[in-house]
Amino acid sequence: MITYKDIKNNSEINTYIEKADQSLDAIGYTEHSFTHAKRVAGTAKMILEELGYPQREAELAQIAGYMHDIGNLINRIEHAQSGAIMAFRILRAMGMEPDETATVVTAIGNHDESTAMPVNPVAAALIIADKSDVRRSRVRNRDTISFDIHDRVNYSVKSSKVVVDRENGRIELHLVADTKRFSAMEFYEIFLERMLLCRRAAEHLKVKFVTYLDDQILA
(Lines give C-alpha, C1' and ligand atoms only; values in the text may rest on other atoms or scores of the structure.)
Protein backbone atom coordinates (compact mmCIF):
# COMPACT_ATOMS: atom_id res chain seq x y z
CA MET A 1 0.00 0.00 0.00
CA ILE A 2 1.38 3.39 -1.02
CA THR A 3 1.29 5.78 1.94
CA TYR A 4 1.41 9.54 2.25
CA LYS A 5 4.93 9.16 3.66
CA ASP A 6 5.96 7.35 0.47
CA ILE A 7 4.58 10.21 -1.60
CA LYS A 8 6.11 12.98 0.51
CA ASN A 9 9.53 11.30 0.37
CA ASN A 10 9.44 10.62 -3.37
CA SER A 11 12.22 12.63 -5.01
CA GLU A 12 10.51 12.67 -8.42
CA ILE A 13 7.30 14.17 -7.04
CA ASN A 14 9.22 16.69 -4.95
CA THR A 15 11.25 17.78 -7.96
CA TYR A 16 8.07 18.39 -9.95
CA ILE A 17 6.53 20.41 -7.11
CA GLU A 18 9.68 22.53 -6.81
CA LYS A 19 10.05 23.15 -10.54
CA ALA A 20 6.34 23.85 -11.00
CA ASP A 21 6.48 26.50 -8.30
CA GLN A 22 9.50 28.08 -9.97
CA SER A 23 7.52 28.33 -13.21
CA LEU A 24 4.62 30.04 -11.41
CA ASP A 25 7.04 32.41 -9.72
CA ALA A 26 8.40 33.38 -13.13
CA ILE A 27 4.94 34.38 -14.39
CA GLY A 28 3.91 36.19 -11.21
CA TYR A 29 1.64 33.67 -9.48
CA THR A 30 1.30 33.21 -5.75
CA GLU A 31 3.27 30.57 -3.85
CA HIS A 32 2.55 26.95 -4.81
CA SER A 33 5.54 25.36 -3.10
CA PHE A 34 5.85 22.63 -0.49
CA THR A 35 4.11 24.84 2.06
CA HIS A 36 0.97 24.96 -0.06
CA ALA A 37 1.19 21.26 -0.91
CA LYS A 38 1.51 20.22 2.74
CA ARG A 39 -1.23 22.57 3.96
CA VAL A 40 -3.69 21.36 1.34
CA ALA A 41 -2.75 17.74 2.06
CA GLY A 42 -3.27 18.16 5.78
CA THR A 43 -6.56 20.04 5.46
CA ALA A 44 -8.02 17.57 2.96
CA LYS A 45 -7.18 14.67 5.26
CA MET A 46 -8.58 16.48 8.29
CA ILE A 47 -11.90 17.21 6.57
CA LEU A 48 -12.59 13.57 5.78
CA GLU A 49 -11.35 12.37 9.16
CA GLU A 50 -13.58 14.81 11.02
CA LEU A 51 -16.59 13.81 8.91
CA GLY A 52 -16.07 10.14 9.76
CA TYR A 53 -14.76 8.82 6.46
CA PRO A 54 -12.45 5.76 6.48
CA GLN A 55 -8.84 6.45 7.40
CA ARG A 56 -7.55 5.19 4.06
CA GLU A 57 -9.88 7.50 2.13
CA ALA A 58 -8.62 10.40 4.24
CA GLU A 59 -5.04 9.40 3.39
CA LEU A 60 -5.88 9.33 -0.32
CA ALA A 61 -7.16 12.90 0.06
CA GLN A 62 -3.85 13.74 1.74
CA ILE A 63 -1.93 12.20 -1.17
CA ALA A 64 -4.05 14.05 -3.74
CA GLY A 65 -3.53 17.28 -1.81
CA TYR A 66 0.22 16.94 -1.87
CA MET A 67 0.37 16.17 -5.60
CA HIS A 68 -2.49 18.34 -6.88
CA ASP A 69 -0.42 21.13 -8.46
CA ILE A 70 2.35 19.18 -10.21
CA GLY A 71 0.68 19.92 -13.54
CA ASN A 72 1.91 23.51 -13.26
CA LEU A 73 5.24 22.06 -14.36
CA ILE A 74 3.78 21.82 -17.87
CA ASN A 75 1.64 24.96 -17.95
CA ARG A 76 -0.75 26.83 -15.71
CA ILE A 77 -3.48 26.40 -18.29
CA GLU A 78 -5.31 23.08 -17.72
CA HIS A 79 -2.80 22.21 -15.00
CA ALA A 80 -5.35 20.04 -13.21
CA GLN A 81 -5.67 17.73 -16.19
CA SER A 82 -1.91 17.72 -16.83
CA GLY A 83 -1.29 16.97 -13.17
CA ALA A 84 -3.80 14.11 -13.22
CA ILE A 85 -1.99 12.46 -16.12
CA MET A 86 1.37 12.91 -14.42
CA ALA A 87 0.00 11.53 -11.15
CA PHE A 88 -1.46 8.50 -12.94
CA ARG A 89 1.90 7.55 -14.39
CA ILE A 90 3.77 8.15 -11.13
CA LEU A 91 1.34 6.25 -8.93
CA ARG A 92 1.10 3.35 -11.34
CA ALA A 93 4.91 3.10 -11.41
CA MET A 94 4.96 3.16 -7.60
CA GLY A 95 2.52 0.25 -7.52
CA MET A 96 -0.61 1.88 -6.13
CA GLU A 97 -3.76 -0.18 -6.60
CA PRO A 98 -5.81 0.86 -9.68
CA ASP A 99 -8.90 1.75 -7.63
CA GLU A 100 -6.92 4.06 -5.35
CA THR A 101 -4.96 5.53 -8.27
CA ALA A 102 -8.25 6.33 -9.98
CA THR A 103 -9.54 8.11 -6.88
CA VAL A 104 -6.44 10.28 -6.52
CA VAL A 105 -6.21 11.06 -10.25
CA THR A 106 -9.90 11.99 -10.41
CA ALA A 107 -9.52 14.38 -7.48
CA ILE A 108 -6.46 16.08 -8.98
CA GLY A 109 -8.18 16.43 -12.35
CA ASN A 110 -11.18 18.10 -10.73
CA HIS A 111 -9.65 20.72 -8.42
CA ASP A 112 -9.28 23.81 -10.64
CA GLU A 113 -12.06 26.43 -10.66
CA SER A 114 -12.60 26.37 -14.40
CA THR A 115 -13.34 22.64 -14.61
CA ALA A 116 -13.68 21.40 -11.02
CA MET A 117 -16.43 19.03 -9.94
CA PRO A 118 -16.68 17.32 -6.53
CA VAL A 119 -17.20 13.91 -8.08
CA ASN A 120 -16.15 11.92 -5.01
CA PRO A 121 -15.34 12.66 -1.34
CA VAL A 122 -11.60 12.92 -2.01
CA ALA A 123 -12.17 15.45 -4.79
CA ALA A 124 -14.56 17.43 -2.58
CA ALA A 125 -12.09 17.55 0.30
CA LEU A 126 -9.26 18.59 -2.06
CA ILE A 127 -11.33 21.41 -3.55
CA ILE A 128 -12.14 22.87 -0.14
CA ALA A 129 -8.59 22.47 1.17
CA ASP A 130 -7.04 24.08 -1.92
CA LYS A 131 -9.41 27.04 -2.19
CA SER A 132 -9.18 27.71 1.54
CA ASP A 133 -5.41 28.20 1.58
CA VAL A 134 -5.55 31.99 1.66
CA ARG A 135 -2.70 33.76 3.47
CA ARG A 136 -0.30 36.67 3.32
CA SER A 137 2.75 34.44 2.96
CA ARG A 138 1.57 33.22 -0.45
CA VAL A 139 2.18 36.69 -1.95
CA ARG A 140 5.67 36.82 -3.46
CA ASN A 141 5.59 40.47 -4.48
CA ARG A 142 6.94 42.57 -1.60
CA ASP A 143 6.34 45.91 -3.32
CA THR A 144 2.91 46.76 -1.89
CA ILE A 145 2.57 49.77 -4.18
CA SER A 146 2.57 47.54 -7.25
CA PHE A 147 0.07 44.99 -5.84
CA ASP A 148 -2.68 43.84 -8.17
CA ILE A 149 -6.09 42.80 -6.87
CA HIS A 150 -4.94 39.23 -6.15
CA ASP A 151 -1.94 40.47 -4.18
CA ARG A 152 -4.03 42.93 -2.19
CA VAL A 153 -6.66 40.42 -1.15
CA ASN A 154 -4.23 37.61 -0.32
CA TYR A 155 -1.81 39.91 1.48
CA SER A 156 -4.63 41.30 3.60
CA VAL A 157 -5.41 37.87 5.09
CA LYS A 158 -3.53 37.54 8.35
CA SER A 159 -4.74 34.01 9.05
CA SER A 160 -7.08 31.37 7.67
CA LYS A 161 -8.38 28.22 9.30
CA VAL A 162 -10.72 25.46 8.22
CA VAL A 163 -12.95 24.09 10.97
CA VAL A 164 -15.22 21.06 10.65
CA ASP A 165 -18.33 21.26 12.84
CA ARG A 166 -19.68 17.76 12.37
CA GLU A 167 -22.40 18.17 14.97
CA ASN A 168 -24.00 21.05 13.06
CA GLY A 169 -23.08 19.74 9.61
CA ARG A 170 -20.76 22.58 8.62
CA ILE A 171 -17.31 23.20 7.22
CA GLU A 172 -16.22 26.71 8.14
CA LEU A 173 -13.46 28.89 6.69
CA HIS A 174 -12.41 31.51 9.22
CA LEU A 175 -10.46 34.46 7.80
CA VAL A 176 -8.84 37.24 9.80
CA ALA A 177 -7.95 40.13 7.53
CA ASP A 178 -6.75 43.71 7.39
CA THR A 179 -9.83 45.07 5.63
CA LYS A 180 -8.17 48.44 5.09
CA ARG A 181 -6.10 46.88 2.32
CA PHE A 182 -8.99 45.84 0.06
CA SER A 183 -12.64 46.52 -0.66
CA ALA A 184 -15.47 44.05 -0.17
CA MET A 185 -16.04 44.10 -3.93
CA GLU A 186 -12.44 43.07 -4.54
CA PHE A 187 -12.81 40.16 -2.14
CA TYR A 188 -15.95 38.91 -3.85
CA GLU A 189 -14.40 39.37 -7.29
CA ILE A 190 -11.54 37.07 -6.36
CA PHE A 191 -13.22 34.56 -4.10
CA LEU A 192 -16.89 34.30 -5.08
CA GLU A 193 -16.28 31.56 -7.64
CA ARG A 194 -14.03 29.71 -5.22
CA MET A 195 -16.50 29.91 -2.38
CA LEU A 196 -19.36 28.69 -4.59
CA LEU A 197 -17.18 25.76 -5.62
CA CYS A 198 -16.44 25.01 -1.96
CA ARG A 199 -20.17 25.10 -1.27
CA ARG A 200 -20.80 22.51 -3.98
CA ALA A 201 -17.97 20.39 -2.61
CA ALA A 202 -19.40 20.58 0.91
CA GLU A 203 -22.82 19.57 -0.40
CA HIS A 204 -21.23 16.43 -1.86
CA LEU A 205 -19.99 15.69 1.67
CA LYS A 206 -23.55 16.36 2.94
CA VAL A 207 -22.59 19.45 4.94
CA LYS A 208 -22.72 23.21 4.44
CA PHE A 209 -19.78 25.50 3.72
CA VAL A 210 -19.66 28.84 5.50
CA THR A 211 -17.05 31.60 5.18
CA TYR A 212 -16.35 34.01 8.03
CA LEU A 213 -14.40 37.23 7.66
CA ASP A 214 -13.43 38.62 11.06
CA ASP A 215 -16.30 36.60 12.62
CA GLN A 216 -18.87 37.97 10.16
CA ILE A 217 -20.57 35.51 7.82
CA LEU A 218 -19.80 36.24 4.18
CA ALA A 219 -21.44 33.25 2.52
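No experiment lies behind these values; they were computed from the predicted model shown.
- Remark: Glu57 engages Leu48, Tyr53, Pro54, Pro121, Val122 in a side chain to side chain contact (heavy atoms under 4.5 Å, CB included) (not counting sequence neighbours).
- In this structure, Arg166 and Ile171 have side chains that are not in contact, with every pair of non-hydrogen atoms separated by 4.5 Å or more.
- Looking only at side-chain heavy atoms (C-beta outward), Ile7 and Leu91 come within less than 4.5 Å of each other.
- In this structure, Ala125 and Ala44 approach most closely via the heavy-atom pair CB-O, 3.7 Å.
- Side-chain atoms of Ser11 and Tyr16, non-hydrogen and from C-beta on, never get closer than 4.5 Å to each other.
- Nearest heavy atom pair, residue His68 against residue Gly65, reads ND1-O, 2.6 Å.
- Between Lys45 and Glu59 no salt bridge is recorded (no basic side-chain N to carboxylate O distance below 4.0 Å).
- Under a hydrophobic-cluster definition in which Ile, Leu, Val, Met, Phe, Trp and Tyr are linked whenever side-chain heavy atoms come within less than 4.5 Å, directly or via other members, Leu73 and Phe88 are assigned to different clusters.
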Exercise for the section: Might you work through the salt bridge (charged side-chain N to carboxylate O under 4.0 Å, His left out) test for Glu31 and Arg140, ending with a clear yes or no? Expected result: CA-CA 7 Å; Glu31 175 265 323; Arg140 305 182 200 263; over 6 Å; no
Practice task
Determine, step by step, whether Arg170 and Val164 satisfy the side-chain contact (heavy atoms from CB on, under 4.5 Å) criterion, reporting the C-alpha distance in whole Å, the side-chain angles of both residues, the deciding distance to 0.1 Å, and the verdict.
Solution key: CA-CA 6 Å; Arg170 291 155 64 106; Val164 177; over 6 Å; no
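- Put simply, the side chain of His111 never gets that close to the backbone of Ile127: no donor and acceptor are under 3.5 Å apart.
- Val40 and Met86 fall into different hydrophobic clusters, where Ile, Leu, Val, Met, Phe, Trp and Tyr residues are linked whenever their side-chain heavy atoms come under 4.5 Å apart, directly or through other members.
- Here the closest non-hydrogen pair linking Ala41 and Gln62 is CB-O, 3.2 Å.
- A donor and an acceptor atom, one from each side chain of Asn14 and Tyr66, are located under 3.5 Å apart.
- Salt bridge Lys158/Asp178: absent, no basic N to carboxylate O contact under 4.0 Å.
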Exercise for the section: Start with the C-alpha distance between Met94 and Asp6, add both sets of side-chain angles, then the distance that settles side-chain contact (heavy atoms from CB on, under 4.5 Å), and finish with yes or no. Expected result: CA-CA 9 Å; Met94 292 178 71; Asp6 295 328; 4.2 Å; yes
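- Contact annotation: the side chain of Asp69 never approaches that of Ile17 to less than 4.5 Å [non-hydrogen atoms, C-beta and beyond].
- Salt bridge absent: Glu172 and Lys161 never bring a charged side-chain N and a carboxylate O closer than 4.0 Å.
- Checking side-chain atoms of Asp214 against main-chain N and O of Ala177 turns up a donor-acceptor pair under 3.5 Å.
- Under a 4.0 Å N-O distance rule, the pair Glu203/Lys208 does not qualify as a salt bridge.
- A side-chain donor-acceptor contact under 3.5 Å links His36 and Asp133.
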Practice task
Step by step, work out the side-chain contact (heavy atoms from CB on, under 4.5 Å) result for Thr43 and Ile128.
Solution key: CA-CA 8 Å; Thr43 301; Ile128 295 170; 5.7 Å; no
